[in-house]
Amino acid sequence: MSWLWAIIVGLVLGLIAKAILPGKQQIPLWLTIIFGMIGSVLGNWAATGLGINDTKGIDWGRHLLQLAGAVLVVGVGDRLWVAMRGGKKTRA
């Protein structure tokens, strides 16, 4: 069941990150999910380093760091995807 949650969180974070970033990202949906999952892991790692990974109630700080990680990974990943594909437009 944890893989299912990881995929759902990756999808949600990836889509929110794509909505936050300016312009249209050319990465496909499957890559958006993977980048969202990676961003979530980076956010959890940062929250642990800051000591805010486990608080009483909703962990808003951890969630914001997860979203920031997803925005970073989606932004960089999209540029790499475009560079690897030679700037071709892809269907997503």
Side-chain angles (χ1 to χ4, degrees):
M1 192 68 169
S2 64
W3 278 106
L4 178 61
W5 276 115
I7 292 170
I8 291 170
V9 168
L11 173 65
V12 170
L13 285 175
L15 291 176
I16 293 173
K18 284 178 80 169
I20 290 173
L21 290 168
K24 178 164 175 42
Q25 290 72 43
Q26 298 180 24
I27 56 174
L29 183 61
W30 64 269
L31 204 50
T32 301
I33 294 170
I34 291 172
F35 288 163
M37 291 168 63
I38 294 170
S40 175
V41 170
L42 286 176
N44 284 338
W45 176 75
T48 301
L50 294 171
I52 59 171
N53 62 326
D54 191 23
T55 60
K56 293 182 180 181
I58 299 173
D59 295 330
W60 292 111
R62 180 173 53 103
H63 296 317
L64 288 174
L65 287 170
Q66 288 175 333
L67 180 58
V71 168
L72 176 72
V73 173
V74 167
V76 171
D78 181 60
R79 295 295 119 221
L80 290 173
W81 176 262
V82 170
M84 287 175 45
R85 305 283 290 177
K88 298 178 197 170
K89 296 275 183 183
T90 60
R91 295 185 336 208

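Keep in mind it's a predicted model, so treat the numbers as computed, not measured. Both backbone and side-chain heavy atoms feed into the values below; hydrogens, waters and symmetry mates do not.
Linking ILVMFWY side-chain heavy atoms closer than 4.5 Å, directly or via other members, places Val41 and Val12 in two distinct hydrophobic clusters. In this structure, Leu64 is not a member of the same hydrophobic cluster as Leu21, with clusters built from ILVMFWY side-chain heavy atoms closer than 4.5 Å. Residues Val9 and Trp30 fall within the same hydrophobic cluster, defined by Ile, Leu, Val, Met, Phe, Trp and Tyr side chains chained together at heavy-atom separations under 4.5 Å.
The two residues Leu31 and Ile27 have their closest heavy-atom pair at CD2-CG2, 4.0 Å.
With a 4.5 Å cut-off between side-chain heavy atoms of Ile, Leu, Val, Met, Phe, Trp and Tyr, the cluster of Leu50 takes in Ile52, Leu65. Its side chain within the 4.5 Å cluster rule, Ile58 clusters with Trp60 among the Ile, Leu, Val, Met, Phe, Trp and Tyr residues.
Rounded to the nearest 0.5 angstrom, Gln25 CD and Arg79 CZ are separated by 7.5 Å. Rounding to the nearest 0.5 Å places CH2 of Trp81 at 8.5 Å from CZ of Phe35.
Every residue two or more places apart in sequence or in another chain was checked for a side chain to side chain contact (heavy atoms under 4.5 Å, CB included) with Trp45, and none qualifies. For Leu67, the side chain to side chain contact (heavy atoms under 4.5 Å, CB included) partners at least two apart in sequence or on another chain are Leu13, Ile16, Ile20, Val71. With sequence neighbours left out, the side chain to side chain contact (heavy atoms under 4.5 Å, CB included) criterion links Ile33 to Ile7, Leu11, Leu29, Met37.
Asp78 and Gln26 share no donor-acceptor pair across their side chains, judged by distance under 3.5 Å alone.
Judged as a salt bridge (Lys or Arg N to Asp or Glu O under 4.0 Å), the pairs with a partner in residues 59-73 (not counting sequence neighbours) are, in order, Asp59-Arg62.
Looking at Thr32, its side chain does come within 3.5 Å of a backbone N or O of Pro28 through a donor-acceptor pair.
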